[in-house]
Amino acid sequence: ESLFYDTFSGNVLSNDEVKVRIKKNITFWCVNEVLPCDPLERRRVDGSCNNLKHPSMGTIHSRPYRLLPAEYDKDYEPRKSNSGEPLPLSRSVRTTLVAEGQVPDSKFTQLVGDFWLHAVADVLSLHDTVNFLIWTTYCCEEKGKTRKECIPNIVPDDDPVHRFSSIRCLNQTRPLSFQSVGCLKNDTVPERVVTATVYFDLSHIYGNSLKELNAKGRLFEKGLLKYEVENGKIWPPSITIKQKEVCLMNQLPHETRCHDTPNLSVNGVVGTNIFMIWTWRFHNRVANVLSKLNKCWNDDRIFFTARDITIATSMQIFLYELMPTLMGKYNLLKEGVILSHKGFRDIYDEHVLPQISLEFPTVLRWAHMIQVGKQKMYDTKGNYLKQHQAANLTLRTGYLVDNIDYITQGVFRQPSGGFDYIVDPDIAELGLGDLQRAFDLLTNDLTKGRYLGLPPYIKYRQLCSGNIYSTFEDLLDVIDPQRIELLKEKYKHVEDIDLMAGIWLERPVKDGFVPVTLYCVVVEQLRRSVVSDRHWYERPNRPNAFTPEQLLEIRKTSVAQFLCSVGDSVTEIQPHAFLLPGPGNEIRSCSEIEKINLEVWKDRNCDMELRNESNSQF
Ligand code: HEM
Ligand SMILES: [Ca+2]
């Protein structure tokens with residue numbers, strides 16, 4: 001018999017309380033049904049029963065926590081500036097603080113942004129984007145002027161780009177909250193709804209519920225995910241009829257492919273789309289090996305073991321390869337985010353609730369600054385072939401059918417966008433290609449923080465460094481003087497500065513490459529994610545834990561090895577594929593890149609059974 005929980009509080013609801021919610025037609029957002037927990041079962045697809053005391057925590061439609069209390073003006077509108085005036089226009093802050101240009105990075109490859117987004121897409125909430133793209137498209141029209149759900153960005157007349165156009169408005173919608181979807185009264189502090197399981201459990205690949213996974217993902221044979229073959233390659237299952245609603249940018253009639261997987265959001269940004277395809281194949285490769293190794297395992301056991309290995313592999317690359325590359329290995333060791341040895345760790349604490357901070361996805365939007373505008377494509381010998389605007393590849397899975405080989409060669413050869421306070425004009429003026437008339441991703445990023453009620457930047461500085469900031473000059477510990485000048489141009493008081501604005505201009509953390517406050521927020525989240533996940537892959541005593549030998553194999557993973565095994569036409573690559581190829585990191589044959597050996601998943605019991613079977617037969 002399942003129990004019903006309130007999504008916001010995580011508390012059990014009585015039958016009467018459930019009935020009220022059914023009557024109001026708000027069960028989708030406000031009620032979670034959870035089947036009874038078994039402490040020994042594997043990680044559930046929907047994230048329930050991870051925390052046995054709070055079984056519904058961590059599932060979709062749960063609530064983020066705030067690193068700092070919300071600060072709103074009256075009626076929960078964005079806070080005002082210190083002088084009582086509204087904060088300066090987001091678009092004008094963006095164009096003043098962040099220059100547009102295309103300077104390639106000298107260290108990192110595009111894989112950095114692509115994998116980063118792939119890893120965090122697991123816990124992001126895309127409903128607000130769907131909202132302004134599909135549900136609420138009128139915010140820059142007359143009708144939008146009076147609508148509460150509309151928060152379009154005004155473009156000032158002296159805008160450096162749009163003074164030459166008639167565009168004075170950029171579409172945006174207010175973030176959905178427990179209040180706006182009807183779970184909480186409107187006179188309470190708006191809290192965002194999270195629409196992904198909060199664990200790093202590849203929920204964007206496997207789905208947020210068993211129902212989705214079973215309907216769209218599983219083949220129910222030998223632990224495999226459903227697949228199709230096109231152009232001699234393996235693809236996730238596809239839809240044709242509904243594709244107009246998902247793969248909005250497919251150029252028909254030629255481009256028709258569109259993933260019909262448990263979570264349709266994987267048809268989005270091109271970098272995550274390719275990782276989705278590779279992860280899908282990776283699962284099936286693992287499942288194929290497991291089913292050959294262990295003839296006595298049924299579909300279910302192979303499937304969930306393959307999923308467990310796939311999740312662990314992805315996390316191993318994220319925490320032990322990408323994060324140290326960006327944030328400094330020593331820093332992360334010191335902060336307790338990663339381990340110095342290859343064994344187990346058990347820092348699980350059931351008192352730490354599994355949640356994502358509101359600030360985590362917000363600060364990660366900084367990565368839009370390092371997104372390249374041009375997706376460059378190469379042949380397998382590294383000869384440049386062509387390029388395409390990345391902004392015009394979002395929601396366009398069909399383009400990949402003929403081009404994924406060339407794009408793949410590009411992601412480990414083309415430099416990332418520079419880590420240099422400069423944004424690519426395609427990101428800052430185009431963003432979503434033909435899907436919007438004009439769009440500035442960074443302006444949206446800044447505005448979003450205001451409507452989420454984030455307190456001033458300096459409060460986050462204080463949280464992270466312990467210092468008090470009362471003048472602009474106090475910020476010299478993290479921002480260069482010439483950039484403080486820019487802040488002064490837009491903000492009258494140091495307290496006015498938005499979190500996103502501060503992060504755009506910060507110096508990188510010592511021994512790393514990301515802004516100090518981003519570092520601080522991300523480290524806090526990663527630690528919490530490990531501590532609050534009972535099924536974390538490095539735990540020796542979780543249900544169906546890896547053996548020490550199996551964990552050692554997971555530790556051998558690298559993004560280079562991942563591409564060698566499932567990337568399109570990858571036969572050679574540099575070992576540190578987040579870094580550009582060059583002396584010490586030369587492109588070499590995949591046979592020279594360390595591989596995972598799945599032999600250690602061989603189940604001796606199967607041999608016994610086989611022998612028994614033969615005994616009984618003869
Ligand atoms: C061509 C590349 C990209 C495009 C077109 C794109 C587009 C978008 C859009 C439209 C939004 C929502 C904006 C809004 O709320 O108004 C968004 C949010 C976001 N993006 Fe990107 N993005 C790209 C690359 C990246 C990369 C490389 C990262 C790496 C971490 C990233 C991280 C995020 C995050 C963390 C959010 C916030 C999600 C949330 O609120 O839960 N994006 N992006
Ligand atoms: Ca997840």
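We count ligands from 1, going down the list as the structure has it; atoms in each ligand are counted the same way.
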Quick check against the 3.5 Å criterion: does [X] have a side-chain atom that pairs as donor or acceptor with the backbone of [Y]?
X      : Y      : answer
His54  : Asn51  : no
Thr7   : Trp29  : yes
Thr96  : Ser92  : yes
Gln414 : Lys376 : yes

Would you please indicate yes or no on a ring centroid separation below 6.0 angstrom for [Y] and [X]?
X      : Y      : answer
Phe132 : Tyr138 : no
Phe108 : Phe513 : yes
Phe178 : His61  : no

Give the residue, atom name and distance (to 0.1 Å) of the protein heavy atom nearest [atom].
atom                    : result
atom 36 (C) of ligand 1 : Arg365 CG, 3.5 Å
atom 29 (C) of ligand 1 : Ala367 CB, 3.3 Å
atom 9 (C) of ligand 1  : Leu441 CD1, 3.4 Å
atom 5 (C) of ligand 1  : Gly431 O, 3.3 Å
atom 12 (C) of ligand 1 : Thr129 OG1, 3.1 Å
atom 4 (C) of ligand 1  : Val269 CG2, 3.6 Å

(request) Can you tell me, to 10 degrees, how wide the angle at the Ca ion (ligand 2) is between O on Thr197 and O on Tyr199? (result) 90°
(request) To the nearest 10 degrees, calculate the angle at the Ca ion (ligand 2) involving OG of Ser203 and OD1 of Asp201. (result) 80°
(request) Could you check whether the rings of Tyr537 and Phe546 sit parallel, tilted or perpendicular, using 30° and 60° as the cut-offs? (result) perpendicular
(request) Check the angle between the aromatic planes of Phe275 and Phe562 and answer parallel, tilted or perpendicular using the 30° and 60° thresholds. (result) parallel
(request) With the Ca ion (ligand 2) as the reference point, give the N/O/S atom of Asp122 that is nearest. (result) OD1
(message) Does the Lys NZ or Arg CZ of Arg542 fall within the cation-pi geometry relative to Tyr348 - under 6.0 Å from the ring centre and within 45° of the axis?
(response) no
(message) When you measure from the centre of the six-membered ring of Tyr206, is the NZ or CZ of Arg307 closer than 6.0 Å and no more than 45° off the axis?
(response) yes
Check each heavy atom of [X] against ligand 1 and say whether those closer than 4.0 Å belong to the side chain, the backbone, both or neither.
X      : result
Leu124 : both
Pro361 : both
Leu126 : neither

Taking N or O atoms only and a 3.5 Å limit, does [X] qualify as a polar contact for ligand 1?
X      : answer
Trp116 : no
Asn444 : yes
Ser125 : yes
Lys448 : yes
Asp128 : no

(request) State which residue, out of Asn444, Thr443, Asp159, fulfils the side chain to side chain donor-acceptor pair (under 3.5 Å) condition with Arg91. (result) Asp159
(request) Pick, from Leu432, Thr447, Leu452, Leu170, the option with the minimum heavy-atom distance to atom 10 (C) of ligand 1. (result) Leu432
(message) Which option wins on minimum heavy-atom distance to atom 32 (C) of ligand 1: Leu117, Leu358, Val123?
(response) Leu117
(message) At a threshold of 3.0 Å, where the distance has to be below it, does the Ca ion (ligand 2) have an N, O or S atom of Asn208 nearby?
(response) no
What are the atoms of ligand 1, with element, lying closer than 4.0 Å to any heavy atom of [X]?
X      : result
Gln371 : 1 (C), 2 (C), 24 (C), 27 (C)
Thr394 : 5 (C)
Gln172 : 16 (O)
Phe132 : 14 (C), 16 (O)

(message) Could you check whether any heavy atom of Arg192 sits closer than 4.0 Å to an atom of ligand 1, since that is the contact criterion I want to use?
(response) yes
(request) Mark the output for Phe360 as yes if a heavy-atom distance to ligand 1 is under 4.0 Å, and as no if none is. (result) no
(request) Please find the N/O/S atom of His368 nearest to atom 21 (Fe) of ligand 1 and write down its name. (result) NE2
(message) How about CZ on Phe419, more than 12 heavy atoms from neighbouring residues, nucleotides or ligands closer than 6.0 Å, or not?
(response) yes
(request) Would you indicate whether Lys107, at its atom NZ, is surrounded by more than 12 heavy atoms from other residues, nucleotides or ligands within a distance under 6.0 Å? (result) no
(request) Just do the disulfide (SG to SG under 2.5 Å) check on Cys169 and Cys139 with the steps written out, would you? (result) CA-CA 9 Å; Cys169 175; Cys139 289; over 6 Å; no
(message) For the cysteine pair Cys37/Cys49, does the gap between the two SG atoms stay under 2.5 Å?
(response) yes
